[in-house]
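Quick one: the structure is below, questions incoming.
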Amino acid sequence: MGMVMVKCPQTGHAIPTGIQTDRESFGRRAVFFSRTRCPICRTDHGWFAREAWVDEPGIRIAPS
């Protein structure tokens, strides 16, 4: 299991969305829109699933 992450458009930092899942399950989800409160800039950011990724500790994707 990992945390769904998005990039803060203000700072460029990765921020957690509070959604826990694995990459495979997240990839099977329907396209959706959500909002996440950024702990860095303290703003609500809207994001689509295609802009997010799952950060699973210990699992890294080899660069292509």
ask   = Below 4.5 Å, heavy atoms only, C-beta onward: do Arg23 and Glu56 meet side chain to side chain?
value = yes
message = I want to check something: taking the side chain as every heavy atom from C-beta on, are Phe33 and Arg35 in contact at a cut-off of under 4.5 Å?
response = yes
ask   = Taking atom CD of Gln20 and atom CE of Met1, what is their separation to the nearest 0.5 Å?
value = 6.0 Å
message = With rounding to the nearest 0.5 angstrom, report the NE2 to OG1 distance, His45 to Thr17.
response = 12.5 Å
query = Do the side chains of Thr36 and Asp44 get nearer than 4.5 Å, heavy atoms only?
reply = no
request  = Look only at the side chain of Arg37 and the backbone of Arg42, and say whether a donor-acceptor pair between them is shorter than 3.5 Å.
outcome  = yes
ask   = Is Met3 linked to Trp47 within one hydrophobic cluster, defined over Ile, Leu, Val, Met, Phe, Trp and Tyr using a side-chain heavy-atom separation of less than 4.5 Å?
value = no
remark   = Between Met5 and Pro16, the two heavy atoms sitting closest are SD-CA, 3.5 Å
message = Any non-hydrogen side-chain atom of Trp53 less than 4.5 Å from a side-chain atom of Val4?
response = no
ask   = Within 45° of the six-membered ring axis of Phe48 and under 6.0 Å from that ring's centre, is NZ or CZ of Arg50 located there?
value = yes
inquiry  = Evaluate Thr21 against Val54 for side chain to side chain contact (heavy atoms under 4.5 Å, CB included), listing each step before the verdict.
reply    = CA-CA 7 Å; Thr21 188; Val54 178; 3.9 Å; yes
key: Nearest heavy atoms of Cys41 and Gln10, plus distance in Å   = SG-CG, 3.8 Å
task = Flag the pair Ile15 / Pro39 as yes when at least one side-chain heavy-atom distance between them is below 4.5 Å, and no otherwise.
result = yes
task = Could you tell me whether the side chain of Arg29 reaches within less than 4.5 Å of the side chain of Ile19, counting heavy atoms only?
result = yes
